[in-house]
2 protein chains.
Amino acid sequence: MANSGKKKATIYDLSVLSGSSPSTVSAVLNGTWRKRRIKESTAEFIRSLAETHQYTANRQARGLRSSRSGLVGLLLPVHDNRYFSSLAQTFEAHVRSKGQCPIVVSASRDPEEERKTAATLISYSIDELFICGATDPDGVHEVCEAAGLKHINIDLPGTKVPSVISDNFEGGRILTEAIIRHFPTDRPLGPNDLYLFGGRNDHASHERIRGFRAVKKELLGGDPDECIQPTGYAANNARKAFEAFYARCGKLPRGLFVNSSINFEGLLRFMAEHPHDNFTDLVVGCYDYDPFASFLPFPVIMIRQDVEGMIAKAFEVIEQPRAAPRIHLVEPELVPPRTALTGPLDALKDIDLPRGKP
Amino acid sequence: MANSGKKKATIYDLSVLSGSSPSTVSAVLNGTWRKRRIKESTAEFIRSLAETHQYTANRQARGLRSSRSGLVGLLLPVHDNRYFSSLAQTFEAHVRSKGQCPIVVSASRDPEEERKTAATLISYSIDELFICGATDPDGVHEVCEAAGLKHINIDLPGTKVPSVISDNFEGGRILTEAIIRHFPTDRPLGPNDLYLFGGRNDHASHERIRGFRAVKKELLGGDPDECIQPTGYAANNARKAFEAFYARCGKLPRGLFVNSSINFEGLLRFMAEHPHDNFTDLVVGCYDYDPFASFLPFPVIMIRQDVEGMIAKAFEVIEQPRAAPRIHLVEPELVPPRTALTGPLDALKDIDLPRGKP
DNA sequence: CTTATTTGCACAATCGATGGTGCAAAGACT
DNA sequence: AGTCTTTGCACCATCGATTGTGCAAATAAG
């Protein structure tokens with residue numbers, strides 16, 4: 001830790017140093033000085049003073065006066081997840097490119113926590129809020145609405161403001177179809193061989209399940225209810241479900257539709273407890289993309305959601321003055337087994353800092 | 001998007017409604033009212049008013065007055081990474097438990113961007129800054145120091161303030177040893193069979209490489225320079241390095257020490273381009289943990305850094321008034337192949353929101 | 001040289017919460 | 001009843017930047 005007693009320079013400091021008034025200094029440094037007919041030379045002088053004294057405006061003061069903070073919020077379920085952290089990464093890039101500062105927080109999919117967290121962000125006078133994967137988007141909406149805060153839903157839709165989400169029905173369809181078609185025609189999948197695990201009572205799961213069932217009915221001619229196991233979004237719950245199935249049937253289903261990577265981790269936990277089982281005759285489809293999962297020792301077909309597309313769309317829609325609360329669908333992408341896709345990080349140059357020890 | 005014209009209630013609104021002065025309202029609502037000898041009944045009345053009007057304090061105003069914001073910053077290289085997003089998750093929990101608000105940003109490992117990003121956070125009067133994995137921690141230190149901001153380094157050390165980092169030397173040692181010992185004694189590894197890929201000119205890489213070389217010398221009796229390939233932290237650079245080795249030798253080294261998961265992704269990209277190669281006789285050690293990687297079709301030994309331990313230690317040290325700028329080492333953990341560990345998300349209850357459609 | 005205009009900037013109110021200070025009213029005490 | 005103490009609260013300056021307004025000095029127009 002470290003904390004010298006130094007203080008930051010203010011416009012008052014600079015006004016004394018420059019012999020101008022604080023308002024002149026302020027105008028020069030925030031760019032409104034032409035409108036105020038400040039002399040070019042005065043502006044230049046103040047700018048140089050600001051430079052040498054490392055002046056940066058106090059955003060709390062500015063925000064208090066202007067009732068805007070330059071902060072843009074993103075409310076996530078969790079950070080610790082490839083999909084959501086990828087959203088955070090892309091979100092941050094967009095916000096920064098607009099000269100604002102991102103503030104990304106998570107609320108654990110708990111409706112109460114979602115509202116409280118939104119309220120906290122509002123108390124910082126954030127300018128906009130992107131509500132991502134919230135369990136209760138309309139609850140968060142109430143909080144935003146009461147504060148007059150612009151907001152939008154991502155990933156899971158609400159009914160009060162526009163929502164930008166993945167086309168989960170289509171994604172569910174193409175993933176299910178890919179799983180089925182991955183089996184050889186001489187040993188085709190039966191309706192009881194293809195199970196769906198994971199997901200809960202949310203819009204995304206409903207749509208994925210709808211797509212799953214539609215394709216099963218169409219291609220396999222059947223769609224038994226017991227093949228749907230919406231075990232939630234927790235690895236251990238999924239693990240238990242796999243374990244229960246295994247205990248009952250002595251094997252796993254030949255085809256698995258795993259709803260989200262966290263539930264796929266549940267499958268891994270299950271497998272770790274059955275080290276001698278080879279799980280040959282198994283095809284997994286997972287609604288989420290992870291490069292390592294893609295290379296597992298059994299065929300893994302994955303869905304990658306179009307994170308960049310969703311964020312871009314969300315920024316576009318949130319700027320529209322009176323957008324209707326409709327759902328904007330963004331198409332996801334099917335990823336065949338053994339595929340290593342590039343991500344947002346590939347855009348970064350990999351620079352280094354020259355140092356002493358080589 | 002949505003934005004009603006509503007405004008938030010202020011202490012002035014409540015002061016009119018309650019017939020008390022703004023200072024009384026303020027004192028009641030921020031808890032200092034006993035010190036100010038406000039009557040219990042007055043306080044109760046104001047509290048109820050605040051409740052019904054959904055009052056929350058304007059943090060910008062409070063922060064301006066008190067020159068504290070309640071914001072605690074975390075500066076990351078990237079969000080989009082299992083290790084760093086896990087740090088963010090744990091960091092957030094710690095900050096929230098202290099009643100403050102986390103603000104997590106990334107700076108792409110670029111020294112210039114690191115300083116600018118820190119300056120931005122400082123302009124929001126953040127109370128503390130945790131500098132994580134920065135390429136130039138001391139550069140960020142200068143910025144913090146000039147603003148009188150408490151800060152600490154995580155993951156990569158600086159020389160000006162305390163640093164909490166993984167014991168990379170020891171981690172490098174145990175990982176290297178585990179790789180070597182994973183080969184059967186009848187087909188042991190030679191000094192030229194074990195390569196290290198990834199990492200750059202930073203403290204962590206130096207230490208890991210030091211551990212790697214020490215163990216190689218000790219157990220394999222040799223440690224050729226060409227076995228060290230610090231290709232950076234970019235998947236494609238690593239891929240190219242594997243490709244180059246493969247072009248030269250017609251195969252991969254039998255043992256691989258892969259420095260960080262992002263470089264492991266480079267290995268996957270390489271493998272995706274060689275679909276007919278089985279890569280039997282291959283053992284990979286990776287300095288990072290990922291459950292999916294752990295189950296790949298070849299033995300993968302991993303290191304999991306103690307994220308909770310590091311964050312906890314960092315919070316402990318940053319509170320010490322005049323802590324010396326020493327390095328605090330936190331021991332990492334060796335993860336054998338095919339292991340699905342639990343993470344911070346397992347602590348969350350998996351709750352659901354009851355809804356209409358079942 | 002006088003009256004308009006324009007230029008260049010200073011003044012002061014404001015955003016909302018905080019906290020030091022002061023002062024009346026109520027109660028205690030003689 | 002008169003003084004002293006305590007209670008309960010209001011008043012006001014303050015944090016730093018923004019912004020509407022006003023007013024001299026410089027310049028242009030007549």
Side-chain angles (χ1 to χ4, degrees), chain A residues 7-47 49-50 53-71 122-127 147-148, chain B residues 7-47 49-50 53-71 122-127 147-148:
Chain A
K7 291 194 55 181
K8 292 197 58 188
T10 70
I11 54 170
Y12 298 96
D13 301 330
L14 297 184
S15 99
V16 171
L17 291 168
S18 67
S20 312
S21 75
S23 58
T24 298
V25 175
S26 171
V28 167
L29 296 173
N30 71 22
T32 60
W33 57 284
R34 292 206 170 280
K35 191 166 60 189
R36 287 181 156 271
R37 300 187 306 228
I38 310 283
K39 234 194 302 183
E40 175 72 53
S41 61
T42 309
E44 185 47 49
F45 178 50
I46 290 176
R47 259 184 261 122
L49 273 180
H53 291 269
Q54 308 212 57
Y55 171 84
T56 50
N58 180 322
R59 310 287 303 237
Q60 308 218 59
R62 171 181 297 175
L64 176 57
R65 180 61 225 261
S66 59
S67 67
R68 308 185 74 257
S69 63
L71 292 169
I122 287 169
S123 74
Y124 283 102
S125 310
I126 59 171
D127 299 336
Chain B
K7 291 193 57 181
K8 292 197 57 188
T10 71
I11 53 169
Y12 298 95
D13 300 332
L14 297 184
S15 101
V16 171
L17 291 169
S18 68
S20 312
S21 76
S23 58
T24 298
V25 175
S26 172
V28 167
L29 296 174
N30 70 22
T32 60
W33 58 283
R34 291 204 171 282
K35 192 166 61 190
R36 287 181 154 270
R37 300 188 306 230
I38 310 285
K39 232 193 304 182
E40 176 71 52
S41 62
T42 308
E44 185 47 49
F45 179 50
I46 290 176
R47 259 185 261 121
L49 272 179
H53 287 81
Q54 307 213 58
Y55 171 84
T56 50
N58 181 323
R59 311 287 304 236
Q60 308 220 57
R62 171 183 296 172
L64 176 58
R65 181 60 224 262
S66 60
S67 68
R68 308 186 74 257
S69 64
L71 292 170
I122 287 169
S123 74
Y124 283 102
S125 309
I126 60 171
D127 299 336

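Just so it is clear: chains get the letters A, B, ... in the order the sequence lines come, proteins before strands, and each one is counted from 1.
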Once you round to the nearest 0.5 Å, how far does [atom1] of [X] lie from [atom2] of [Y]?
X	Y	atom1	atom2	value
B:Ile38	B:Thr24	CD1	OG1	4.0 Å
B:Ile122	B:Leu71	CD1	CG	13.0 Å
B:His53	B:Asp13	NE2	CG	8.0 Å

Fill in: Of B:Ser69, B:Ser123, B:Ser125, the residue whose pairing with A:Arg59 passes side chain to side chain contact (heavy atoms under 4.5 Å, CB included)
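The residue from B:Ser69, B:Ser123, B:Ser125 that satisfies side chain to side chain contact (heavy atoms under 4.5 Å, CB included) with A:Arg59 turns out to be B:Ser123.
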Discussion item. Looking at A:Thr32 and A:Lys35, would you say the former's side chain and the latter's main chain have a donor-acceptor pair under 3.5 Å?
Written reply: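 A pair under 3.5 Å: no.
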Item to complete: Could you tell me whether a side-chain N or O of A:Ser26 sits under 3.5 Å from a main-chain N or O of A:Pro22, the two making a donor and an acceptor?
Response: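 No; judged by distance alone, with no hydrogens or angles, the pair does not exist.
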Fill in: Residue met sooner reading DNA chain D from 5', once A:Arg37 and A:Ile11 are mapped to nucleotides
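Comparing both residues, the 5'-ward one is A:Ile11.
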Discussion item. Around atom CD of A:Glu44, are there more than 12 heavy atoms from other residues, nucleotides or ligands closer than 6.0 Å?
Written reply: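 Yes, CD of A:Glu44 has more than 12 neighbouring heavy atoms, counting only those of other groups under 6.0 Å.
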Practice prompt. Would you indicate whether B:Arg68, at its atom CZ, is surrounded by more than 12 heavy atoms from other residues, nucleotides or ligands within a distance under 6.0 Å?
Written response: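 Counting other residues, nucleotides and ligands, CZ of B:Arg68 stays at 12 neighbours or fewer.
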Can you check the [X] [atom1] to [N] [atom2] distance for me, whole Å?
X	N	atom1	atom2	result
A:Tyr124	C:dG16	OH	C1'	15 Å
A:Arg65	C:dC15	CZ	P	7 Å
A:Lys35	D:dT19	NZ	C1'	8 Å
A:Arg68	C:dG16	CZ	P	16 Å
A:Arg34	C:dG8	CZ	C1'	14 Å
B:Glu40	D:dC9	CD	P	11 Å
B:Tyr12	C:dA17	OH	P	7 Å
B:Leu64	D:dT18	CG	P	12 Å

Discussion item. Using a strict heavy-atom distance below 4.0 Å, which residues from residues 20-32 of chain A are in contact with DNA chain D?
Written reply: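 Contacts with DNA chain D under 4.0 Å: A:Ser23, A:Ser26, A:Asn30.
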Practice prompt. Specify the residues of residues 54-63 of chain A, ordered by number, for which at least one heavy atom lies under 4.0 angstrom from an atom of DNA chain C.
Written response: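 Here the set is empty: none.
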Practice prompt. Tell whether A:Arg36 reaches the base of C:dG8 with its side chain through a donor-acceptor pair below 3.5 angstrom.
Written response: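 Not at all, since no donor on one side and acceptor on the other fall under 3.5 Å apart.
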Worksheet item: What is the minimum heavy-atom distance between B:Ser21 and B:Ser23, and which atoms define it?
Response: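 Smallest interatomic distance, heavy atoms only, reads OG-OG, 3.0 Å.
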